[in-house]
Amino acid sequence: MRCFQAVSERGNLADAAQALGRTPSAVSMMLSQLEDEVGGPLFEAPRKSRLTPLGRMILAETRDALQHFDRRVRAIEGMARADAGFVRLAVTPSVAAAVMPAIVEEFCRAHPAVQVEMRDMDSVSVVRALQAERADIGVATADPSATEITRQPLFTDAFGVVCPKDHPLAAQDRCGWRDLRDETFISNGLCNLIHDEDFAPIRDGARLNVPNTTSLLALVRAGVGVTVLPRLAVLPGDTGVAFVPLEGDELRREIHLLTPPHRNLPPAARAFCEAIRKARFSAPVQPD
């Protein structure tokens, strides 16, 4: 098809052969094979300067076919270079709000043809999405027992008490579990990451359990109660609540980069993983 198009557009074998990097005899042979395939002559004269009616019809089809083929080749090459493609992210809400915007913005600037889908969900759901192949990359806290998941530590995030900005606890530099004994405590899913026997009665005695962080902060903001969350869950611009660090610095959650180990990630997803690894986090994990 390329030989036929080149000869048709240039009107002679010599110029077409030079453009194709072939010898005139090789181009002539390919044209003969094409005419045998279609069952009729494509040119009215041996000099190949004029097309037959069949040749004109086939030239139009050839141009369309080659343009479509070239577009598909460019698309495949783009995906192989991570210049194109689709990336599906599953991340926890706090990470989606505090960490991912800068990473997504930089990645999209470097890979403008790649489509990015980001969904926020709790850590358990992130793992399930990866296991069910509904996501390519996860950023969450993963249980070490989670199967079919590769975990790479990214950073740790300290827990603290979250209360209304005008609450007496907001004036303290630090809070201990004793400060929460007489408070209306609102439990949430992240509380399960805290394995402290002094905290267990507070968590288990909560009358409210609100998994959704947005709803949880709205209740705290309205003065319904107080809760415990990682630092990233409370954005700096949220002036309605206060974050008070807990005594000591050992109560932290660990955020992981999660990928499925037994599935080859597409090039665009691999490039996004690399962008996450290169990001500068406020509290990186210290090496062992």
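The figures that follow rest on heavy atoms only: side chains count, while hydrogens, waters and symmetry mates do not.
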Between Val114 and Ile103, is there a shared hydrophobic cluster once you connect ILVMFWY residues whose side-chain heavy atoms come closer than 4.5 Å?
-> yes
Is there a side-chain contact between Arg56 and Arg50 (heavy atoms, below 4.5 Å)?
-> no
Mind jotting down which residue pairs meet the side-chain hydrogen bond (donor to acceptor under 3.5 Å, both in side chains) criterion with at least one end in residues 24-42? Sequence neighbours excluded, please.
-> Thr23-Ser25
Test item: side-chain donor near acceptor, Arg221 and Thr239, under 3.5 Å = no
Could you go step by step and tell me if Arg134 and Glu117 meet the salt bridge (charged side-chain N to carboxylate O under 4.0 Å, His left out) rule?
-> CA-CA 11 Å; Arg134 295 192 300 270; Glu117 175 189 275; over 6 Å; no
With respect to Met1, which candidate in Ile58, Leu34, Thr62, Leu59 satisfies the side-chain contact (heavy atoms from CB on, under 4.5 Å) definition?
-> Thr62
Should Asp122 and Arg128 be marked as a salt bridge (charged side-chain N to carboxylate O under 4.0 Å, His left out) after you check the CA-CA gap, both sets of side-chain angles, and the distance that decides it?
-> CA-CA 10 Å; Asp122 60 66; Arg128 288 174 179 168; over 6 Å; no
Could you walk me through whether Arg253 and Leu232 pass the side-chain contact (heavy atoms from CB on, under 4.5 Å) check?
-> CA-CA 10 Å; Arg253 69 166 172 172; Leu232 280 181; 3.9 Å; yes
Between Glu274 and Arg270, is there a side-chain N and carboxylate O pair less than 4.0 Å apart?
-> no
Checking Arg181 side chain against Ile202 main chain: does a donor-acceptor pair fall under 3.5 Å?
-> no
Determine, using ring centers only, whether Phe159 and Phe243 are less than 6.0 Å apart.
-> no
Would you call Asp157-Arg231 a salt bridge at under 4.0 Å N-O?
-> no
When clusters are formed by joining ILVMFWY residues with side-chain heavy atoms under 4.5 Å apart, either directly or through shared neighbours, do Leu42 and Leu20 land in the same one?
-> yes
Gln152 and Arg277 side chains, donor-acceptor separation under 3.5 Å | yes
Do the charged groups of Glu9 and Arg63 touch, with an N to O distance under 4.0 Å?
-> yes
Should the pair Arg203-Asp196 be classified as a salt bridge under the 4.0 Å nitrogen-to-oxygen rule?
-> no
Any donor-acceptor N or O pair under 3.5 Å, side chains Thr227, Asn188 | yes
